[in-house]
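Predicted, not measured: the structure shown is a model, and the values here were computed from it. To find a chain, count down the sequence lines: A is the first, B the second, and so on, and within it residues start at 1. Atoms considered below: every heavy atom in the structure, side chains included; atoms not considered: hydrogens, waters and symmetry mates.
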Amino acid sequence: AAAKLSPCRRRRNLRASPDHPYRSVAPGPRADCAAFGSSQAFTMDSTIGMRGDGFVLLAADANAGRSILIYKQDLDKILPISENQIMATVGPQADCSVFGEYIQKNMRLYELENQINLSTFGAANFIRGELAKALRRGPYQVNLLLGGAAKDEEASLFWMDYLGTLQKVNYGAHGYASNFVLSLLDAHWEKGLTEEQAIEVLRKCIKELETRFMIALPKWSVKVVDSEGVRVIDFN
Amino acid sequence: MSRRYDQSTTTFSPEGRLHQVEYAINAINNAGTCVGIMAKDSVILAAEKKQLSILLANSEHAKGSEKMYKIDDHICCVVAGLSSDASILINQARLSSQQYLYRYQEAMPVEMLVQRICDYKQAYTQYGGLRPFGVGFLFCGWDKHHGYQL
């Protein structure tokens, strides 16, 4: 059954399939990623996440830009999808906002219709299902980290990519940052991190990016979600 | 007098009653009794089977019973009323449960399933051409939101 709210995707420049009169074919990879030979549009944004003792920390860079231009440096890419779950998206801004809001509104509809909240595991599988359904029609170029800590539930972090891959992880990253920080997270993450410890690990990761990554990411939005709700960490 | 207003489910009688719905309730009242009891650590359902004909196979030999049905691993129900009508609703319940499992990879909350079936039945009391289901259910199940439920 389709999710109740369908995204506003009627106006798409869909090319007619060469061998079928009225079936359309999703547009291929964009011109700027054809050179990479991949179906993924690479953008300069990044996100880092890790799981701690009863909470999940998500950080996303606050840059919005294209090519050599920066549009703004205070864009919040971490969306709350319910009282106890947050989602950090990486990818072209159009896809991230459309998909992000689509998920937010469907989660809210679930809450209103059923008077209960979906667990983080359920939400992760729902989101993955939507990415997977769209994959063969017109993919959402969105990679995301979902963190949640609902009541009666262990804090959990899920790594998802635009192909519909889903994996529960202790720490994760998307974007170019992942090339730099995953090894640091591997070295410094341990079970039962406190919030201060997690923020320290995050600082190490961001310092590494400042040293080694070509693109400057001066501002980050950092959020923590636990059973009480979502908190913004004043990081900068 | 009421004969004039009972031909269709989309017609109110002058007193504001839907006779087709009331006849459906009568069908349920005339069926074999079903009982459900909620305990601290379980829910128990029992159903009276009426043997309508010696030609009908006993439950142990037949494929299933006409009273007790499993909807999913965590939900089951007993039926009172027209067995054929019940089959449609049982199928709908099983389908809803599996669709939920497919989308969320989690067991469907009991109340949500019951709500789905209720909404399905209600449509037949409002939209035209079809009579209501002459079936009553007792659903029981367990989920993490409300524990054991009847």
Side-chain angles (χ1 to χ4, degrees), chain A residues 1-7 81-85 87 99 102-135 140 146 148-160 164-169 227, chain B residues 38 40-43 70-77 87-127 130 133 137-150:
Chain A
K4 296 272 181 77
L5 298 176
S6 65
I81 57 169
S82 83
E83 204 195 318
N84 298 103
Q85 284 141 16
M87 182 167 105
F99 186 72
Y102 171 58
I103 295 298
Q104 257 184 336
K105 300 327 165 194
N106 269 293
M107 293 292 288
R108 182 70 182 131
L109 183 63
Y110 182 103
E111 226 174 292
L112 287 168
E113 281 187 326
N114 304 307
Q115 283 102 43
I116 50 170
N117 281 334
L118 202 48
S119 69
T120 310
F121 181 72
N125 279 289
F126 167 63
I127 297 170
R128 187 216 86 82
E130 292 303 311
L131 289 168
K133 265 194 276 193
L135 183 62
Y140 292 107
L146 171 72
K151 289 179 185 55
D152 308 326
E153 186 188 74
E154 207 191 13
S156 37
L157 175 65
F158 289 91
W159 187 99
M160 255 179 276
T165 311
L166 169 67
Q167 187 63 45
K168 186 169 190 292
V169 291
S227 58
Chain B
M38 206 160 100
K40 260 196 297 217
D41 57 351
S42 61
V43 191
K70 178 173 155 174
I71 307 297
D72 202 342
D73 291 333
H74 64 300
I75 304 179
C76 65
C77 67
S87 295
I88 298 178
L89 292 169
I90 298 289
N91 280 340
Q92 205 49 45
R94 287 171 173 161
L95 188 62
S96 291
S97 193
Q98 294 309 308
Q99 281 172 342
Y100 188 96
L101 187 61
Y102 179 72
R103 187 191 278 177
Y104 300 107
Q105 296 294 312
E106 278 192 327
M108 187 170 194
V110 182
E111 194 165 343
M112 211 185 286
L113 176 78
V114 176
Q115 187 64 54
R116 288 281 150 83
I117 298 301
C118 292
D119 290 342
Y120 190 83
K121 280 181 170 182
Q122 189 276 337
Y124 288 76
T125 69
Q126 190 165 10
Y127 306 119
L130 301 161
F133 291 95
F137 287 103
L138 280 174
F139 281 96
C140 78
W142 184 95
D143 63 42
K144 63 183 180 201
H145 300 281
H146 300 296
Y148 291 104
Q149 293 151 75
L150 172 64

| message | Just so I know, are the side chains of A:Asn114 and B:Glu111 near enough to count as touching, which here means a heavy-atom distance under 4.5 Å? | response | no
| request: Inspect the surroundings of CG in A:Asp152 and state if more than 12 heavy atoms from other residues, nucleotides or ligands are less than 6.0 Å away. | output: no
| Parallel, tilted or perpendicular, as decided by the 30° and 60° cut-offs, for the rings of B:Tyr104 and A:Tyr110 | perpendicular
| field | Rounded distance [0.5 Å steps], CD in B:Gln115 versus CD in A:Glu113 | value | 9.5 Å
| query | Out of curiosity, A:Ser119 OG to B:Gln105 CD, how far, rounded to the nearest 0.5 Å? | reply | 11.0 Å
| query | Tell me the salt bridge (charged side-chain N to carboxylate O under 4.0 Å, His left out) pairs involving residues 141-150 of chain B, sequence neighbours left out? | reply | B:Glu106-B:Lys144
| query | Between A:Ile127 and chain B, which part of the residue has a heavy atom less than 4.5 Å away: side chain, backbone, both or neither? | reply | neither
